[in-house]
Structures are given as C-alpha cells and as structure tokens.
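Working notes, beginning with the structure itself.
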Amino acid sequence: MAITTMESLIDPSTIAAITGENPADTLARAAAQHANAGDITAATDLLAQACDNAASVPVLFLAFQFHFRTGNIALARSLAQQRIALAASQGDNKQHARACSNFGLASLYMHDTAGALAAAQQAIALSQITDDPLSLSRDLGLLAQVHEANNNWTAARDTYLHALQLAEQTNDPAHIATKLANLGDVYKQLGDATTAVTYWRRALPLLAQAGKHRWHAECEAKLRGVS
C-alpha cells in the first residue's frame, strides 16, 4: 500500500536522532525512507524487524511516530510504554518525559482520559526536573488537551497560556504556532470568537514557516468559518 502526503511522515529530526550502525538503527532508517516515499507496507515490515532487534529509545520513537500517524494508535501506545521503561532504566529524564507525553497522547486518542492525565502529570514532573522549556510546553499542551476532553475549557485555556509562554522562550515556530492555534480553538469554545480569530491569525505565518501545511489549512478553514 502506498500513500502520498504533503509533509514527511517521519520528521527529519526523528531520523537524525538515530546515529548508530547496528541492525535496529539501519532498519529504522530504511523504514523512514520507505515511509516518506509513501510505501507504508515496506516501512511497517522494516520497523517490526527494527523493534525486534534491541531497539534504542530513538528507534522506538520513530516507530511510535510512524504508527501514530498511520492510525495504529494501540501499537503506538505500546511502543511509548516500551520507551518509558527503557528511558527510565537509563535514567534519561528528558526522553522519559517525552515517552510519557506520547503515551498520554495515544491514550487520549483511545478515549482513556484517566491514563492520559496520569501520563501528562508524570511528564510534567520529569520535564520540570530537566528544566527544559520546550519539553514542559509540550507536556502542558497534553494536559490542556486532557482538560479539553473533559470539557474544562477554562483550565484548558489557562494551561495553554502557560504552555505558550514556555514555547515562546524556545523560538520554535511549530511549537509556538500549535499553542496559538489551540488557544484559538479554546476561546471559540468559550464563546469569544474575536479572541479566537486573533490567535488563529497569529498562528498562520508560523505554521507556514514550520511547513505544517495541513494545520495551516485547518486554521484557515476555522477563520473562514467565523468571517
């Protein structure tokens, strides 16, 4: 099966993090090439082999990204759980936090809000230890999504505002843009369309800069919907 997307299925930074020449790393890099060329079947087969070959945290993250983005959420969550255990055993708080955040995101997609909340709280605690604004912004974003799932829009707004402050410290356009777009969505739910439009408009150029074409199109559609 082959698919075509406007954006790479596997992010360049995800591939670049795999630096070894062992079998798992080699298989994962090959899988990423096939995935980004649209050959999902070959990528799936290669990643299964990679994960059976003492996969590292970066390989497991690549596999998570692939399966999450191709819709196999249950497998993606299982891979995140493996990363949690491996990162914890290595004492790597940064990767442990990211794995918890990924586990929580997959849990949300599987309508397990309790599991997502626990994972978000653990990720936040770990990111506070590492004092990494980007990681903490990501984890707060997950917590805000849990609030959204529970229709707690005020808590979602306040959490996204905190996440935006941290994202702005990093100058990362993708992370800033997603928080802006999320705030637009929350303000729309709160009945404040004017503020929602302000945030969506701020998000648009940053989404374009980051190459997030699908999110850019979605944001434009939201603006048309309130104009």
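Computed from a predicted model, the values in this text were never measured in an experiment. Side chains included, hydrogens not; waters and symmetry mates left out as well; all remaining heavy atoms used.
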- Message: Starting from Phe103, can I reach Leu108 by hopping between I/L/V/M/F/W/Y residues whose side chains sit under 4.5 Å apart?
- Response: no
- Task: State, with a plain yes or no, whether a side-chain heavy atom of Leu62 is found less than 4.5 Å away from one of Ile10.
- Result: yes
- Can you check whether Gln145 reaches Tyr160 side chain to side chain, under 4.5 Å on heavy atoms? yes
- Sub-4.5 Å side-chain heavy-atom contact between Leu79 and Leu75: yes
- Can you check whether Glu21 reaches Arg29 side chain to side chain, under 4.5 Å on heavy atoms? yes
- What heavy-atom pair brings Pro133 and Thr170 nearest, and what distance separates the two atoms? CB-CG2, 4.1 Å
- Item | Qualifying salt bridge (charged side-chain N to carboxylate O under 4.0 Å, His left out) pairs, either residue in residues 142-164, two or more places apart | none
- Item | pair Thr70-Ile40: side-chain heavy atoms closer than 4.5 Å | yes
- Mind jotting down which residue pairs meet the ring-ring contact (aromatic ring centres under 6.0 Å, His included) criterion with at least one end in residues 178-198? Sequence neighbours excluded, please. Tyr187-Tyr199
- Sorted by chain and residue number, the salt bridge (charged side-chain N to carboxylate O under 4.0 Å, His left out) partners of Arg98 (sequence neighbours excluded) come out as none
- Item | Check: Arg202 and Ile176 side chains under 4.5 Å, non-hydrogen atoms | no
- Nearest heavy-atom neighbours spanning Pro173 and Leu206: O-CB, 3.8 Å
- Show your working on salt bridge (Lys or Arg N to Asp or Glu O under 4.0 Å) between Asp11 and Arg69 and close with a plain yes or no. CA-CA 11 Å; Asp11 297 336; Arg69 291 179 175 179; 3.0 Å; yes
- Asp132 side chain reached by Ser127 side chain, heavy atoms, under 4.5 Å: no
- Task: Side-chain contact test, heavy atoms from C-beta onward, threshold under 4.5 Å: evaluate it for Asp185 versus Trp200 and give yes or no.
- Result: yes
- Task: State plainly whether the residues Arg214 and Glu218 are in salt-bridge range, i.e. N to O under 4.0 Å.
- Result: yes
